[in-house]
Amino acid sequence: MTTSTILLLILSVFIATGLSYYQYFYKAKSKSKIHLLLAFLRFLSYVGLFLLLINPIISNASYEIVKTPLPIIVDNSKSIKELSGNHLDSSSIKQLTENKTLNEKYNLQLYTFDKEFIHNGKIDYLGKQSLLDNVAKNLKQLYRNINYPVVLFTDGNQTQGSDYVYSFQNNTKIYPVVQGDTTTVFDLKINQINVNKYTFLKNKFPVEVFVQYNGNQNVTANFAITTGNQTVFKKNITFTSKIKAQSISVLLDANAIGIQKYTATITSAETEKNKSNNTQNFVVEVIDQRTEIALVSDMVHPDLSALKRSIEVNEQRKVSLLKPNEITDLKKYNLFIFYQPNATFKALFEANKNAEINSLLITGTQTDFNFLNAYQTDFNFKMGNQKEDYFASFNTDFTVFAQENIGFENFSSLENKFGTITVKGNAKTLLNASIRNIQTENPLFTFFEEGKNRRGYLFGENIWKWRMETNLKKKSFQDFDFFTDKWVQFLTSNTTKKSLEVDFKKYYNEGETIEITAQYFDKNYELDQNAQLNIVVTNKETKFKKTYNFLKSNIDYKVEFDNLPKGNYSFTVTENSSKASFSGSFEILEFDIERQFVNPDRIRLEQLAATTSGKLFYPNQLDQLIKILSDSNSYLPVQKEVITKKPLIDWKLLLLLIVSFLSLEWFIRKYNGLL
């Protein structure tokens, strides 16, 4: 209690004494034993009331022993069972958790992990993923600013996530206990397949396959790639005790449109313990044609080369540099880019009125704006002969397609003739034009959409500088090329914008988390932030259905689900209020990542132990581990003082005493006729 509280308590005693004396002695002029008893009861009542008013805080100190936490973490993934076979034994875990010495010294806590990190989870070794780095993240959240050891039962084989060797805290010693048979066994494995998602009909597409060998003898393996019942590639590969990994590069023919499934297989005459990693499927979507883009100009300018290079970063697109009089077949192209058009473009503009091919028009200092006023209806140009530099200003309300601000305000200015650009139709502007930080009413980069016809306008030349500046700042053209890819994708598409757009992959591997994103637009084609979306997934073979709800993120809606078995699935996404829907399908390919391993990753577990100043153990060395943990002076229990503070007003007994004193006083006075 503070000094002021103590002084108030002393003062309350004097006041209670004075009031009691005044009421029963000074005023009553009597000093009988009855008055003395009544005065004492009144004194106690006053003191109790003053105590409630002052409400002092009563502190109480107690002591408790705080033990160092000892997390015992068990890898619950399927690979533990696969690698241990008939030798799987969970008694080693009980040997630790039930050890009397460890329980006296540590606060033992059992966790399991596969894809999730669970306290006291069931140990059944059926997990389909191993996320060891997730263990480190969870421990950081649970035990902050504490020095503690960790016993980790695992095979060290991680299927997802970042490198776990350097993920744990510096104040944590890791003692890995290796699970699974460490005996070297003969094994051939397809480690990884690199292939593009898309290719073009009648083209060849590259496939790169990495194969791995585990063993000490020389062996010749047969590698083959098949589709259906047809073998499209085969090769013999020789491994030795020194050559244990090879890469195979092959070009395959794309002869059929649509999704084509291939199977890569490696076999030998030797007997293998694990053959599930000898086969791996991959899928390629064959597109019937490339996107043909005509970049039409009557002049030479650095913008032309920059646009061609940026667009052709996407291998699905081909850009042809042409003059206006060189185009005879308009239907050959998916998009026209008209660069600074003049009167020589007249025939091409007139022909495109009937063809209605999407276009991008770029103006500059050499543009004939009188010609444009006559041959387009989206803008009215009142331009002078004076040149002007226009800077970009990003429009955050732009929703025609998803585009982030890549620093447009910091790019160099684009050069155009000075004047007024008046919009006639319903334009969607991505970039506004400003002159020396003064916002103008002129657009800089804008788009129109009328049914299936789409048109874009860029009012300024020297966009090649933007691409170079992106590379100078970030050592990569990637941001600018992604920006180009977005507007080219919009302009080359002839599909009418839908209120519900859904993005998904055509195929997934079994056990992989399936992610589907969606965007819902209202009647004004503005992104609706309050939509309620759900998806119904149906297995085409079993007709099993399951419904999931989308969760909102910053720019779209997202749903994730896993544990779906292999097979073909159809799905329907529905917006609850408007009943707008989208239907699609995907395939889950057979693949069990937990069956790809034949041995524990002992080397990486040794690195983990060394990095955290711990030590690696095997199940038959648990007595040594228990001795190290028991004898360690780094993790001694600590006596902790716990001070509890409780205000006196919470004491119900005090209130009961006050009522009792007042009641007793009343009965005595009543009995003696003093009322």
So ring pair (Phe, Tyr, Trp, His ring centres under 6.0 Å) across residues 152-173, not counting sequence neighbours, yields none
SB check Lys474 Asp479 (cutoff 4.0 Å):
yes
Are the side chain of Lys105 and the backbone of Ser630 linked by a donor-acceptor contact shorter than 3.5 Å?
yes
Gap between atom CG of Asn534 and atom CG of Asn549 - 0.5 Å precision:
6.0 Å
Salt-bridge present (Asp623, Lys627; N to O < 4.0 Å):
no
Between CZ of Arg604 and CG of Leu616, what distance do you get to the nearest 0.5 Å?
13.5 Å
Verdict with reasoning, Ser130 to Asn157, per side chain to side chain donor-acceptor pair (under 3.5 Å):
CA-CA 7 Å; Ser130 301; Asn157 293 314; over 6 Å; no
Main chain of Lys505, side chain of Tyr508: is a donor-acceptor contact present, judged purely on distance under 3.5 Å?
yes
Does any N or O in the side chain of Lys486 come within less than 3.5 Å of the main-chain N or O of Ala402, such that one atom is a donor and the other an acceptor?
yes
Are any non-hydrogen side-chain atoms of Gln179 and Ile80 less than 4.5 angstrom apart?
yes
Is there side-chain contact between Tyr569 and Lys540, with at least one heavy-atom pair below 4.5 Å?
no
Check: Ser613 side chain, Ala609 main-chain N or O, donor-acceptor pair, under 3.5 Å
no
Test item: Leu110 and Val74 side chains (from C-beta on) under 4.5 Å apart, heavy atoms
yes
Working for ring-ring contact (aromatic ring centres under 6.0 Å, His included), residues Tyr148 and Tyr106:
CA-CA 9 Å; Tyr148 63 98; Tyr106 297 96; over 10 Å; no
Ring-plane angle category for Phe398 and Phe401, please: parallel below 30°, perpendicular beyond 60°, tilted otherwise.
perpendicular
Taking every non-hydrogen atom, the tightest pair across Ile516 and Phe550
O-CE2, 3.6 Å
Test side-chain contact (heavy atoms from CB on, under 4.5 Å) on Phe117 and Lys137; report intermediate values, then the result.
CA-CA 10 Å; Phe117 186 78; Lys137 293 176 184 177; over 6 Å; no
Thr172 backbone acceptor or donor facing Gln169 side chain under 3.5 Å
no
Correct closest heavy-atom pair for Ile118 and Gly121 would be CG2-CA, 3.8 Å
Here the gap from Ser79 atom OG to Gln158 atom CD, rounded to the nearest 0.5 Å, amounts to 11.0 Å
Between the side chain of Glu575 and the main-chain N/O of Ser577, is any donor-acceptor distance below 3.5 Å?
yes
Is the shortest heavy-atom distance from the side chain of Thr547 to the side chain of Ile535 under 4.5 Å?
no
So does Glu404 have more than 12 non-hydrogen atoms from other groups sitting under 6.0 Å from CD?
no
Should Lys140 and Ser167 be marked as a side chain to side chain donor-acceptor pair (under 3.5 Å) after you check the CA-CA gap, both sets of side-chain angles, and the distance that decides it?
CA-CA 10 Å; Lys140 288 177 183 178; Ser167 297; over 6 Å; no
Do the side-chain N and O atoms of Asp114 and Ser77 include a donor-acceptor pair separated by under 3.5 angstrom?
no
Measure across Thr68 and Pro149 and return the closest heavy-atom pair with its distance rounded to 0.1 Å.
CG2-CD, 4.1 Å
Hey, are Asp75 and Thr154 close enough side-chain-wise for a donor-acceptor pair under 3.5 Å?
yes
Just by distance, no angles: are the side chains of Lys115 and Thr513 close enough, under 3.5 Å, to form a donor-acceptor pair?
yes
Examine distances only and state if a side-chain atom of Thr612 and a backbone atom of Ile174 form a donor-acceptor pair shorter than 3.5 Å.
yes
Nearest atoms (heavy-atom pairs only) where Leu629 meets Leu102
CB-CD2, 3.7 Å
Surrounding NZ of Lys545 (heavy atoms of other residues, nucleotides or ligands, distance under 6.0 Å), is the total greater than 12?
no
Answer yes or no: is there a donor N or O on one side and an acceptor on the other, between the side chain of Ser578 and the main chain of Ala580, under 3.5 Å?
yes
Show your reasoning for whether side-chain contact (heavy atoms from CB on, under 4.5 Å) applies to Ile406 and Phe394.
CA-CA 9 Å; Ile406 60 173; Phe394 182 71; over 6 Å; no
Under 3.5 Å donor-acceptor, Asn76 side chain and Asp124 backbone:
yes
Are the charged groups of Glu606 and Arg602 less than 4.0 angstrom apart, N to O?
yes
With a cut-off of 6.0 Å (strictly less than), are more than 12 heavy atoms of other residues, nucleotides or ligands near CG of Asn437?
no
Looking at every heavy atom in both Lys67 and Asn107, which two are closest together, and how far apart are they?
CB-N, 3.7 Å
If I take atom OH from residue Tyr111 and atom CD1 from residue Ile123, how far apart are they, to the nearest 0.5 angstrom?
13.5 Å
All heavy atoms of Lys558 vs all of Glu560, minimum pair found to be CD-OE2, 4.1 Å
Quick one: are Leu11 and Val13 in side-chain contact, heavy atoms under 4.5 Å?
no
Nearest-0.5 Å distance, OH of residue Tyr175 to CG of residue Leu70:
9.5 Å
Leu139/Ile73 under side-chain contact (heavy atoms from CB on, under 4.5 Å): CA gap, chis, key distance, verdict
CA-CA 10 Å; Leu139 289 178; Ile73 303 170; 3.8 Å; yes
For Gln607, look at atom CD and say whether over 12 heavy atoms of other residues, nucleotides or ligands are found less than 6.0 Å away.
yes
Using modelled atom types and a 3.5 Å cut-off, is there a donor and acceptor pairing between side-chain atoms of Gln141 and backbone atoms of Asn138?
no
Is any side-chain heavy atom of Tyr143 closer than 4.5 Å to one of Pro71?
yes
Is there side-chain contact between Lys552 and Gln529, with heavy atoms separated by less than 4.5 Å?
yes
Which of these, Phe561, Phe571, Phe586, sits in a ring pair (Phe, Tyr, Trp, His ring centres under 6.0 Å) with Phe504?
Phe571
Min side-chain heavy-atom separation Lys428-Asn395 under 4.5 Å:
no
Once rounded to the nearest 0.5 Å, what's the spacing between atom CG of Asp601 and atom CD1 of Ile603?
7.0 Å
How far apart are the C-alpha atoms of Trp666 and Leu41, what are their side-chain angles, what is the distance that settles it, and do they pass the side-chain contact (heavy atoms from CB on, under 4.5 Å) test?
CA-CA 10 Å; Trp666 184 86; Leu41 291 173; over 6 Å; no
